[in-house]
Amino acid sequence: MHVRFSPEQDALRRSVAQVADRLGPQAVGQLDDGERRAKLDAAVAESGWRELRTPAEGGAPWASGVEVAIVAEELARGLADVAFLGPTLAAELRRLTGAPAADDAAETVALTGDLAALGSTVAVDAAGAAVALGVRDGHVVALSVGAELPPVDLTRPSAEVGPDAATLAALDDDAADRWAALALALTCADLVGAMRGAVELSVDYAKERRQYGTAIGSFQAVQHLLADAHVLAEGSRSVALHAAWAVDALAPRDALAAAAVAKAYCARAARTVGETAIQVHGGIGNTWECLAHVFVRRALLATDVLGGEGPNLTRVLAHHGVGDQTGAGDGLR
Amino acid sequence: MHVRFSPEQDALRRSVAQVADRLGPQAVGQLDDGERRAKLDAAVAESGWRELRTPAEGGAPWASGVEVAIVAEELARGLADVAFLGPTLAAELRRLTGAPAADDAAETVALTGDLAALGSTVAVDAAGAAVALGVRDGHVVALSVGAELPPVDLTRPSAEVGPDAATLAALDDDAADRWAALALALTCADLVGAMRGAVELSVDYAKERRQYGTAIGSFQAVQHLLADAHVLAEGSRSVALHAAWAVDALAPRDALAAAAVAKAYCARAARTVGETAIQVHGGIGNTWECLAHVFVRRALLATDVLGGEGPNLTRVLAHHGVGDQTGAGDGLR
Amino acid sequence: MDFGDSPAEAEFRQRFRAWLVDNNPGLPASSTDDDYWAGQAAWHQSLYDAGFFGLSWPTEVGGHGLPSVYDAILDEELAAAGAPPRPGLGYLVHGILEHANDDIKARFLPGLVNGRDRWCQGFSEPDAGSDLASLRTRAERDGDEYVITGHKVWTSYSDDADWCLVLARTDHEVPRHKGISAFAVAMDQPGIEQRPLKMINGITKEFGEVVFDGARVPAANMIGEPGDGWPLAMTVVSHEREPGELGYVARYRKLAKELTAAVKADPTAYDAEQVRQLGWAIVETEMLRHHVSRRLSDRLDGITHGPEGSVDKLLMTWTEQTVGHAALGIGGADHTGDGDDTWLKVYLYSRAQSVMGGTSQIQRNLIARRILGLPA
Amino acid sequence: MDFGDSPAEAEFRQRFRAWLVDNNPGLPASSTDDDYWAGQAAWHQSLYDAGFFGLSWPTEVGGHGLPSVYDAILDEELAAAGAPPRPGLGYLVHGILEHANDDIKARFLPGLVNGRDRWCQGFSEPDAGSDLASLRTRAERDGDEYVITGHKVWTSYSDDADWCLVLARTDHEVPRHKGISAFAVAMDQPGIEQRPLKMINGITKEFGEVVFDGARVPAANMIGEPGDGWPLAMTVVSHEREPGELGYVARYRKLAKELTAAVKADPTAYDAEQVRQLGWAIVETEMLRHHVSRRLSDRLDGITHGPEGSVDKLLMTWTEQTVGHAALGIGGADHTGDGDDTWLKVYLYSRAQSVMGGTSQIQRNLIARRILGLPA
């Protein structure tokens, strides 16, 4: 047991953080800066981070769930408006099902309309993607990516998918579980990054903003809001790291259970932390120009991909043998 | 619409408060003072408050749910260790079913083992009671009250009931709903009183207790805990008063729905307020000698009688046509 | 203690319910769309013209002189019909009623009440939010006029407004609360620039920033005397904290009703967590309704509330945010672009309730010190 | 990043698991019964004698010199077997290890670690709880001894204790933090009166009050130098905040496991709210387990935590109180006297976690100031 980043993992974390800090949006107005976004995309493309789950020799991925989570967390912390979740999950789906390697076209994944499972309705994290890998009738299919949809997450657009589907491979239960475990672990890392970013933003604001002749960060009520947010982010980080490790280290169903535990925790925590960020920013926090809501919106997408509290509590309980009593859940899968 | 106490209701409230303040326990040690408790019981007996739901001419009760709630709230605020809930609900059960008036023996009610419904397992608020009215096979029965059980609520003992049951009357749906509405409204009033008492106790302590050279009540964190507790008690009072009014003013099913709304709200609020009282008292609050846990324990009994959050949220949702999805609830009844 | 209708109240309820059948404008419950605000203005005038607006305000200014509980009845019927809430302007009306002279009242209140004149409120500034007394906008006497210079934010409907109730410093020599005066300033003049403020749910028409750069206002448009701005502001702010004044119970009930309908339409699509969120939205909304009835009834006996407004504000905030959570949980974020994203906007909008009219932190300070008597 | 076992860890895990099969004493997870504490002492000795106690402490004092993560493995196996948690004495061991001279360590640590000597901790006083630096117990030099006078509360196991780690003021001339010294005081002497403290769950054996009225302690029993009491107290308190030190993860997992078994045994008896509470108890307990693994792993690299202990303490508190809510919701209050009232006691006991070792308010202050760098 050694729950610390290796020197290589630390180096990876630093290099992602550098890219996100250098090329991510520093203000809401910069979200529209296409030139910056192109540079960010180029930097990420060059890094090879999107190919971490393509198969190396023997079919294992180039890097474990931990490395992928490191990238996801740091990109989210910096609100990096660049494709990563989608391409990574598409690569994993090909790898797990033995589907042939993608041609040069950028890929993402297609999910159901509520994003709670693989499907063929919405392509997520679709910036630059031409193809979305989804599922129909138990088979992995390739769909064309259509027009962008009105965004929920201002940093990662969703898109329509075309009606025609090319069948690539069958998806068995183990592959589906393993894939879902990675998807959940990745979204947890995304939520952790968003929480850390939102707390940093809010702490900085609380140190600067003055009312009643003093920095608002000197009021105990504000301090305690931020302290709780920091604690939630730290607890989330611990449970999300475990889920990221479990993706490759545990049997598929156990990996999925670990991921569900993490997702329930992180989703609830992220909602609270996001709301704290808005609250600490006061009136400003309720305006479009404040980055607080950009973190909140990014967390909304990450929460909805494979579901938040409700579906994942159901998964956890089912894993412990407490049956689905809601009529809506689907057990562990 | 005139949601204010009448002068008579105000006078009632004051006289109950006087009795509770004069004869209720001022400290945990006084709970064992039999002489004081006998005086309190005598004062309540003399007041006639336990007979408010016996039938006047025409079968209507002497007083409405509002008067009964006023008595219950003020007794709870003063932690009055005297029978009221039980005798009142027993009288109501006789009145609604047309069962003959009780002989001289003091009566209470018998509930199921979890206290969530009328039954024949446990006699609640059984101090001095010889008979417990319960329900078997849809009929009101009279049971003998046996030995006291280990207390949850230190101010109101529960007791075993004997096996033999004398059948008194049939219990139809409307009577059952009306009775349940009164039982819920009464326990809500009890919870509101306990919340008010717990907040008062804690505010007084926060003004006196000094740490770091200052009263702990001057710390914003403590102030905000207590402010939230006060707000929860006020919101609870408003919704509980509505439930008390609804007992006699609305049709049985609507009265029950109003009561379920109030009970869900008050039960959740009371748990938080009780926990706040313990927290504000710090180490002392976790000791037997502090009255905080006596309020918490009183609220536990009041919560469990006809159920707390879970069963009453289910009732509320069912009333709005959202079906029971848990397999455990029983709709509005 | 009677939550039920008196005969007169029942008659009013029936009359309003009948009118609503043909006059429900079908607006959403809160600003999730920029068209909403135009609709609100028409709705205000429609209610007024039919005799259903300003129920508890004096007849001289266009009101009906009825007890405040009629507002609660109106709100219940609005919610039951799924109609939008009444425009909440009571804070401005009360501010002017309680602090202005008869000339000001006669000139301004009828147009404010009947909805023909649109008003905005120029209180907050970028560096004076919770700490309103630190405001820096100044009004300098110039003959029969004052000249106003400063920067206001959170001025509701400032783009459509004809008038702005402006707080400005008229005396720099006295302590900060004391040197503030209030003015009714015409918005249609060269010294005023209005910029929309885009909220986190994308709405741009509700709030604006207003920059006063040499705007002019007749001295006769001062509300009260020089230095009376602070007490007026306190009156306005305290009414802004009262859900009974704002009619928000109807907002929350309408939302809870729509969420209930969504779940009933497809019950198997919702899990236990979503159903639970709906349950709490219903329960808290009902709680708030009864709480408002209780507060409005107190006024029948002449009782006005001071710091208790902070209690009401927190209950209102918690209710709105519980409804907001249910909206997010049940309606969710619309990722398909198929439906509309009203529920997400309702959720995002709900976050402002714990800031506007004084943050929840400020309300708790007030309760702790002024109600519970805890030491500073 | 590896949450899995190394070969050596796996071997240890198997060995401990095998031992547990025959040596699980079947105690509850926390003090819900006064018999519990007697059982805890036997359990401590049983673990020690089998070589499973003090895993991460130095071999000289009876420990095993293993990395701290072995404690996490031990806790996982305890929870998996439904066995009681290990006694959490690390705060005392570390306090003495880090601040005492070799003589003290040699005289006292072996007996503390092997469980033959029982220790209690005399820090808090009736008027010095959160504000420990204001303590008033005094120790006055008298030849080779000090004479101690004062009143301590929250002295765990004081009725059975052989020794008490006492903080007392030895210098009244210096600022309040600086004049405090620490002593190992023998409990069996005339100048000490011990009174049980009854907790809200009825337990009387866990905590006591201790009145020192002329109790004597050799000067050679001072831990560290005169005035070193405060840094020692900070070491002890910071370890008291660490769930990894206390072994509480095993407590919470055992409780969650028992609650799960109750629901599985009769699933239709539980409603959606109860099932939800169980779900969160499981989720938060798992979170805490992984968090502790992370913290203990940091020590492998020589990283020790300062204010981060407050983060751990809040996570531990929230987890315990979530488990407590599940215990109350699922196990409930026993009104029939049929079963036992363990679950109610678990709930009531959980409330102390947000007070002991520093209130949650204090932990938040420390995080805000010392981690987030917010201004005082």
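Quick note on labels: first sequence line is chain A, next is B, and so on, each numbered from 1.
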Fill in the blank from the handout: In this structure, CZ of C/R294 is separated from CG of B/L241 (nearest 0.5 Å) by 6.5 Å

Exercise for the section: Please state whether the side chain, the backbone, both or neither of B/D228 comes within less than 4.5 Å of a heavy atom of chain C. Expected result: both

Problem - Region of C/L315 that comes under 4.5 Å of a non-hydrogen atom in chain B - result: both

Problem - For B/A227 against C/A368, the heavy-atom pair lying closest together - result: CB-N, 4.4 Å

Problem - Exceeds 12 heavy-atom contacts within 6.0 angstrom, atom CZ of C/R15 - result: yes

Practice task
Search all heavy atoms of C/L372 against all heavy atoms of B/V203 and return the closest pair with its distance.
Solution key: O-CG1, 3.5 Å

Completion exercise
Applying a strict 4.5 Å limit to non-hydrogen atoms, the region of B/L313 in contact with chain C is side chain

Fill in the blank from the handout: Rounding to 0.5 Å, atoms CZ (C/R369) and OG (B/S218) come to a distance of 8.5 Å

Problem - Any donor-acceptor N/O pair, B/Q223 side chain to C/I367 backbone, under 3.5 Å - result: no

Practice task
Against chain B, work out which of C/P67, C/G373, C/A72, C/S310 has the most heavy-atom pairs shorter than 4.5 Å and name it.
Solution key: C/G373

Exercise for the section: Select one option (side chain, backbone, both, neither) describing which atoms of B/L250 are under 4.5 Å from chain C's heavy atoms. Expected result: neither

Fill in the blank from the handout: Under a 4.5 Å heavy-atom criterion, the part of residues 246-259 of chain C in contact with chain B comprises none

Exercise for the section: Mind checking the NE2-NZ spacing from B/H320 to C/K264? Nearest 0.5 Å is all I need. Expected result: 8.5 Å

Exercise for the section: With a 4.5 angstrom heavy-atom cut-off, could you sort out which part of B/R237 is near chain C: side chain, backbone, both or neither? Expected result: both

Fill in the blank from the handout: To the nearest 0.5 Å, atom CG of C/L374 lies from atom CZ of B/F219 at 12.5 Å

Practice task
Heavy atoms only, distances under 4.5 angstrom: which of C/R295, C/M287, C/H291 has the most pairs with chain B? Name it, please.
Solution key: C/M287

Exercise for the section: Look at the aromatic rings of C/F3 and B/W245 and report parallel, tilted or perpendicular, splitting at 30° and 60°. Expected result: tilted

Problem - C/W19, CH2 atom: more than 12 neighbouring heavy atoms under 6.0 Å - result: yes

Practice task
Against chain C, label B/V66 side chain, backbone, both or neither, depending on which of its atoms sit under 4.5 Å from a heavy atom there.
Solution key: side chain

Exercise for the section: Counting only heavy atoms closer than 4.5 Å, note whether C/D312 contacts chain B via side chain, backbone, both or neither. Expected result: neither

Problem - Separation of C/L296 CG from B/H2 NE2 (nearest 0.5 Å) - result: 11.5 Å

Practice task
Measure C/W280 against the heavy atoms of chain B and call it side chain, backbone, both or neither at under 4.5 Å.
Solution key: both

Practice task
Would you mind telling me which of B/L232, B/V239, B/V222, B/V231 has the largest number of heavy-atom pairs within less than 4.5 Å of chain C?
Solution key: B/V231

Problem - chain C contact via B/E234 - side chain, backbone, both or neither, heavy atoms under 4.5 Å - result: both

Handout entry: Note: B/R268-C/E284 ion pair, threshold 4.0 Å (strictly below)
Key = yes

Problem - Any donor-acceptor pair under 3.5 Å from C/E9 side chain to B/M1 backbone - result: yes

Completion exercise
Closest heavy-atom pair, B/V261 versus C/V283, reported as atoms and distance to 0.1 Å, is O-CG1, 3.6 Å

Exercise for the section: Nearest 0.5 Å please: distance from the NE2 atom of B/H224 over to the CD atom of C/Q363. Expected result: 10.0 Å

Practice task
Decide yes or no on side chain to side chain contact (heavy atoms under 4.5 Å, CB included) for C/L300 and B/R4, but give the supporting numbers first.
Solution key: CA-CA 9 Å; C/L300 291 173; B/R4 300 263 301 155; over 6 Å; no

Practice task
For each of C/D5, C/L314, C/V69, tally heavy-atom pairs with chain B at distances under 4.5 Å, and name the one with the top tally.
Solution key: C/V69

Exercise for the section: Name the region of B/A264, side chain, backbone, both or neither, that has any atom closer than 4.5 Å to a heavy atom of chain C. Expected result: both

